[in-house]
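Below: the structure, in structure tokens.
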Amino acid sequence: MEHGVASDLAPLLDVAVELHVHLDGAIRPETILYFGKKRGIPLPGNTVEELLKYVSYDTPLTLPQFLEKFNYYMPAIAGDREAVRRIAYEFVETKAKEGIAYVEVRYSPHLLANAGVDPIPWGQAEGDLTPDEVVQLVNQGLQDGERDFHIKARSILCCMRHMPSWSPEVVELCKKYRNDSVVAVDLAGDESLKVENYSEHKKAYEEAERCGIHRTVHAGEAGPAAMVKEAVYVLKAERVGHGYHVLEDPELYKELLKIKMHFEVCPWSSYLTGACSPDFSKHPVIQFKKDRANYSLNTDDPLIFNSTIDKDYGIVKEHMGFTEEEFKRVNINAAQSSFLPEKEKQELLNKLYKAYGMVPNAS
Ligand SMILES: O=c1[nH]cnc2c1ncn2[C@H]1C[C@H](O)[C@@H](CO)O1
């Protein structure tokens, strides 16, 4: 199937909101090559083209196969202070160029550290960069980016499905840095994994709720509707990452429509991770649109999917009949479901209403 990008989306994307994108899935290939060379860390290629041959792809894999891609390049970035700060800074620049006015970017502090983390990820030797300092460096990079590129960027800290022992610290970091760029906790990774100590994720999410830390959870991406149910009713997620398979449980879907649960939809990602049928005419977001559900459109891992936000907008426009009116509604819903404090959320909404030529509350 042809998956082209519409070329006439630029004005629509002048002021957009993105809520689901992984920092470690959005690194510039040039930056990976720079730090690989500087640190003497072997990579599968010496040029952008060579590296991307391994790291990015354009025909569907499974979710676990897709997650393997991080192994190729994370050793070049993890454990290096300059690299961690720079990827956050460059991320903001990239999003500003794409016309994003507000972005929530997520990552696992543990997967960028090389100290105070067990096991030390990516086969790194032990160093002295802890998850706590990773968060400080990302915050600094994001804030420098906000200042230089004039958009707003906040972060979400990820717990990882296969590492329940990291989750309590992730929530502690959310608490510590809640007034300093961090707005929420997430649970990412392979949903199909049976985690032995799932109760640690649950306890961590209970603590997040108790402390008023916002919560999103990857669920119903590759996994079944039951994962979405668990995310919402056990982990008390306020948004669902992906959530496509919720449609397999019509009762649950109806309930979630009623409470206006937000789904962070990533169209091109859903094709490449095998989360949804490769036939775009059967994509769950078509149903979401029909039902005027609360959802956003996002890139997820643009390095690996070799994409920008207009790839995702282009797909839904060309293959799913999205109109300008729906794009506006989607972005207003995204702003409304963002994890910004109320006053800043209103400011963002006003910016969108103005850019879209709309009267407030007319969505
Ligand atoms: O689409 C995804 N589903 C589940 N986990 C994901 C996805 N994209 C990235 N991740 C994982 C791999 C990253 O290292 C981690 C934190 O960003 O989150």
Side-chain angles (χ1 to χ4, degrees), residues 18-27 32 55-57 60-79 83-84 87-88 91 103-113 117 119-124 131 134-135 138 142 155-164 166-167 169-170 173-174 182 184-193 195 201 216-224 227-228 231 235 237 239-245 263-276 284 296-307 312:
E18 186 168 7
L19 301 180
H20 189 124
V21 50
H22 293 257
L23 179 61
D24 51 338
I27 305 171
I32 295 169
V55 168
S56 79
Y57 68 104
L61 296 173
T62 64
L63 187 62
Q65 285 169 335
F66 146 72
L67 290 169
E68 289 288 308
K69 296 282 186 187
F70 290 82
N71 293 310
Y72 286 121
Y73 64 90
M74 284 298 277
I77 303 294
V84 170
I87 62 170
F91 172 83
V103 62
E104 288 176 6
V105 63
R106 62 189 70 197
Y107 66 99
S108 157
H110 294 79
L111 289 178
L112 286 165
V117 52
I120 297 173
W122 319 113
Q124 298 175 92
V134 166
V135 177
V138 172
L142 294 179
S155 63
I156 297 175
L157 305 186
C158 297
C159 301
M160 297 304 299
R161 289 257 178 208
H162 66 295
M163 289 307 310
W166 295 350
S167 291
E169 190 184 12
V170 174
L173 291 171
C174 290
V182 177
V185 65
D186 177 33
L187 176 56
D190 184 359
E191 277 186 83
S192 62
L193 270 184
V195 178
H201 292 315
T216 180
V217 171
H218 280 72
E221 179 185 20
M227 298 297 286
V228 177
L235 299 178
R239 300 197 317 232
V240 175
H242 306 278
Y244 318 118
H245 293 273
F263 296 98
E264 302 159 357
V265 173
C266 309
W268 182 226
S269 157
S270 72
Y271 170 77
L272 287 177
T273 61
C276 298
S296 50
L297 294 170
N298 308 277
T299 55
D300 205 8
D301 296 281
L303 161 66
I304 302 175
F305 303 143
N306 199 9
S307 64
D312 291 277

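Whatever order the structure lists ligands and atoms in, that order sets their numbers, starting from 1.
- Numbered from 1 in the order shown, with element, the atoms of ligand 1 that lie under 4.0 Å from a heavy atom of Leu67 read 5 (N), 6 (C), 10 (N), 11 (C), 12 (C).
- Protein heavy atom at the shortest distance from atom 5 (N) of ligand 1 is Gly189 N, 3.0 Å.
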* To do: Decide side chain to side chain contact (heavy atoms under 4.5 Å, CB included) for Leu272 and Phe66; before the verdict, give the C-alpha distance in whole Å, the side-chain angles of both, and the deciding distance to 0.1 Å.
  => CA-CA 8 Å; Leu272 287 177; Phe66 146 72; over 6 Å; no

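- A distance of 5.0 Å separates CD of Glu221 from CG of Leu63, quoted to the nearest 0.5 Å.
- Each of the atoms 5 (N), 18 (O) of ligand 1 lies under 4.0 Å from some heavy atom of Ala188.
- Between Tyr73 and Phe70, the ring planes are tilted. Angles from 30° to 60° get that label.
- Counting atoms of ligand 1 from 1 in the listed order, those under 4.0 Å from a heavy atom of Tyr107 are 17 (O).
- When each of Arg239, Arg106, His20 is checked for a side chain to side chain donor-acceptor pair (under 3.5 Å) with Asp186, only Arg106 meets the rule.
- A donor-acceptor pair under 3.5 Å is formed between the side chain of Asn298 and the backbone N or O of Leu19.
- Listed by atom number, the atoms of ligand 1 under 4.0 Å from His242 heavy atoms are 1 (O).
- Of the possible polar contacts, one joining the Gln124 side chain to the Pro121 backbone as a donor-acceptor pair under 3.5 Å is found.
- Ligand 1 places these atoms under 4.0 Å from at least one heavy atom of Phe70: 9 (C), 12 (C), 13 (C), 14 (O).
- Using bins of under 30°, 30° to 60° and over 60° for the plane-to-plane angle, the ring pair His218/His22 lands in the tilted bin.
- For atom 10 (N) of ligand 1, the closest heavy atom belonging to the protein is His22 CE1, 3.4 Å.
- The closest approach between a heavy atom of Met74 and any atom of ligand 1 is not below 4.0 Å.
- Assignment of Ser108 to the shell around ligand 1 is supported, since a heavy atom sits closer than 4.0 Å.
- Protein heavy atom in closest approach to atom 14 (O) of ligand 1: Asp24 OD2, 2.5 Å.
- Near Asp301, with a cut-off below 4.0 Å to any heavy atom, the atoms of ligand 1 are 7 (C), 8 (N), 9 (C).
- Contacts between Asp300 and ligand 1 below 4.0 angstrom, taking non-hydrogen atoms only, involve the side chain exclusively.
- For the ligand labelled ligand 1, residue Glu191 lies outside the 4.0 Å heavy-atom shell.
- Ranking the protein heavy atoms by distance from atom 1 (O) of ligand 1 puts Glu221 OE2, 2.8 Å first.
- Within ligand 1, the atoms closer than 4.0 Å to a non-hydrogen atom of His218 are 2 (C), 3 (N), 4 (C), numbered from 1 in the order shown.
- Looking at ligand 1, you won't find any N or O of Ser269 less than 3.5 Å from one of its N or O atoms.
- Of the possible polar contacts, none joining the Trp268 side chain to the Ser307 backbone as a donor-acceptor pair under 3.5 Å is found.
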* side chain to side chain contact (heavy atoms under 4.5 Å, CB included) between Glu169 and Val117: does it pass, once the steps are laid out? -> CA-CA 10 Å; Glu169 190 184 12; Val117 52; over 6 Å; no

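- Each of Val265, Asp300, Thr299 was compared with Asp312 under the side-chain contact (heavy atoms from CB on, under 4.5 Å) criterion, and only Thr299 meets it.
- Contact atoms of ligand 1 toward Leu111: 14 (O) (distance under 4.0 Å to a heavy atom of the residue).
- Annotation: the span from Asp301 atom CG to Thr273 atom OG1 amounts to 9.0 Å, rounded to 0.5 Å.
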